[in-house]
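These notes concern the structure reproduced below.
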Amino acid sequence: MTTHPVSQWRRWLPLAVLLLLPLALLSGEEGLGGPVWRWLLGEMAPIDYLVFTELRLPRLLAALLIGAALGTAGCLLQRLTHNPLASPGLLGLNQGAALGLVCLLISPLPFTLWHAGLAALGGAALAMALVFGVVRLATGRLAADSLLLFGALLSTLLGSLGTILLLLDQHALDVIRFWLAGSLALVVPAQLPALAAVVFPALLLALLCGRPLEILETGGDTARSLGLNPVLVLLAVSAIVLLLTAASVAVSGPILFVGLVVPHMARFWLGDRLHRQLLGGMVLGAGLLAAADALVLAVDEQDRLPPGMALALLGVPWFMWQVRRRYFER
């Protein structure tokens with residue numbers, strides 16, 4: 001019996017992505033595998049050991065955590081809003097978190113990891129409250145098209161506000177402009193425990209919310225008849241999305257397209273069941289961001305390019321294709 005081509009793609013696409021993961025550790029000036037094998041065999045020079053454990057390994061771990069977080073947040077947002085174009089970046093959450101961090105940077109408060117996390121969470125929460133609140137007041141419901149439109153407008157507004165604040169403080173601009181492009185180059189090992197402490201519980205909560213969210217998709221009346229409170233489900237899912245987005249932006253800056261593209265890849269791979277899509281989003285998000293970061297490192301050894309540039313090569317055509325399907329092929 002001949003295997004359908006779509007089944008073959010679903011089988012090999014995640015494997016192809018995961019095979020790119022080792023590039024984040026294995027690529028380098030010495031060729032493939034050199035630093036890793038010397039580390040495993042205990043033959044690494046002290047300076048190489050320091051570079052490997054303090055720079056390259058933390059960067060890979062951060063890419064895996066942030067990619068999984070953004071991929072999961074995108075899955076939740078697309079199912080919550082019934083909009084295949086929804087993502088933390090397109091709804092203004094990334095820009096809100098970034099604006100919160102800009103405000104912290106120009107304030108007299110110290111730029112600690114704790115303060116950065118709270119600032120990013122506050123900015124993302126403000127953006128989500130504005131998007132959901134304004135659309136609900138204007139249309140009486142969370143209309144998918146209205147969410148996307150107002151989210152895009154709010155993203156532009158928040159990004160412009162952040163730019164204005166930075167232009168008023170040249171020192172802050174010099175400090176944060178590389179981070180605002182969305183980069184893993186500034187990740188330090190001390191950030192990883194806090195990042196993992198937020199991301200892992202949030203990912204578990206996302207899986208636990210999968211079944212209630214699927215029931216909510218059948219309608220508010222059906223959810224109430226089964227004992228669910230639609231408002232509580234909405235608040236719980238929104239809180240998980242905020243935690244995942246804020247933790248990611250606080251460490252790496254606003255990285256776009258992971259939350260947009262990964263949910264579609266996961267749905268193509270594993271189908272429409274939400275718990276499968278969430279698991280696929282975690283794996284593919286981690287793999288996609290790690291592969292993108294490895295690609296920019298391979299292209300630019302001086303590490304000046306953010307992984308968002310590589311993601312844009314995939315994300316922009318995907319976004320245009322989705323817009324065409326949604327609005328022009330009816």
Side-chain angles (χ1 to χ4, degrees), residues 69-104 117-165 180 182 202 205-206 209 212-213 216-217 220 229-250 253-264 274 281 308 315 318-319 322-323 326-327:
L70 294 177
T72 303
C75 291
L76 290 175
L77 274 178
Q78 290 185 10
R79 297 297 289 262
L80 183 66
T81 62
H82 308 288
N83 192 329
L85 299 176
S87 70
L90 293 178
L91 290 184
L93 303 188
N94 283 348
Q95 292 78 5
L99 179 61
L101 286 164
V102 169
C103 292
L104 174 63
L118 290 178
L121 181 60
L126 175 62
M128 175 172 279
L130 286 173
V131 171
F132 281 40
V134 170
V135 171
R136 183 62 183 268
L137 289 174
T139 65
R141 60 191 180 93
L142 295 180
D145 295 344
S146 299
L147 281 172
L148 184 65
L149 177 60
F150 186 72
L153 294 174
L154 184 64
S155 298
T156 303
L157 174 62
L158 295 177
S160 299
L161 289 175
T163 301
I164 292 172
L165 292 175
L180 282 175
L205 290 173
C209 286
L213 184 54
L216 184 61
E217 289 177 331
N229 188 327
V231 176
L232 290 181
V233 175
L234 175 63
L235 291 176
V237 174
S238 299
I240 294 169
V241 171
L242 287 175
L243 285 175
L244 292 171
T245 303
S248 302
V249 175
I255 296 179
L256 303 177
F257 297 116
V258 175
L260 172 65
V261 175
V262 165
H264 297 276
L274 183 54
W318 192 287
F319 178 74
Q322 287 294 324
V323 170
R326 184 172 180 83
Y327 298 103

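Note that the numbering runs from 1 along the sequence shown for the chain.
For the pair F132 and L234, the tightest heavy-atom approach, listed with the atom from each and the gap, is CE2-CD1, 4.1 Å. Contact between A127 and L154 at its shortest, heavy atoms only, is O-CD2, 3.5 Å. The shortest heavy-atom contact between A97 and V249 is CB-CG1, 3.7 Å. Nearest approach of Q78 to P263, heavy atoms of both residues: OE1-CB, 3.3 Å. The two residues S87 and L77 come nearest to each other via the heavy atoms C-CD1, 3.6 Å. Summarising the geometry of F150 relative to V135, their closest heavy-atom pair is CB-CG2, 4.1 Å, with the distance given to 0.1 Å.
Atom CG in L70 sits 12.0 Å away from atom CG in L260 (nearest 0.5 Å). For the atom pair CG (L76) and CG (L242), the distance works out to 11.0 Å, reported to the nearest 0.5 Å. Rounding to the nearest 0.5 angstrom, the gap separating the CG atom in L153 from the CG atom in L130 is 12.5 Å. One distance of note links CG of L243 with CG of L121; it measures 6.0 Å at 0.5 Å rounding. Atoms OG1 and CG, on T72 and L205 in that order, are 11.5 Å from each other to the nearest 0.5 Å. Atom-to-atom distance recorded for C75:SG and L274:CG is 7.5 Å, nearest 0.5 angstrom.
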* To do: Carefully, step by step, assess S248 and I255 under the rule side-chain contact (heavy atoms from CB on, under 4.5 Å).
  => CA-CA 8 Å; S248 302; I255 296 179; over 6 Å; no
* Before giving the answer on side-chain contact (heavy atoms from CB on, under 4.5 Å), spell out for Q95 and L256 the whole-Å C-alpha distance, their side-chain angles and the decisive distance to 0.1 Å. => CA-CA 10 Å; Q95 292 78 5; L256 303 177; 4.2 Å; yes
* **side-chain contact (heavy atoms from CB on, under 4.5 Å) evaluation trace for L99 with L165** => CA-CA 9 Å; L99 179 61; L165 292 175; 3.9 Å; yes
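Counting heavy atoms from C-beta outward, V258 and V262 have side chains that approach closer than 4.5 Å. Inter-residue side-chain proximity for N94 and T245 is flagged as met; some heavy-atom pair is nearer than 4.5 Å.
Looking at S155, its side chain does come within 3.5 Å of a backbone N or O of G89 through a donor-acceptor pair.
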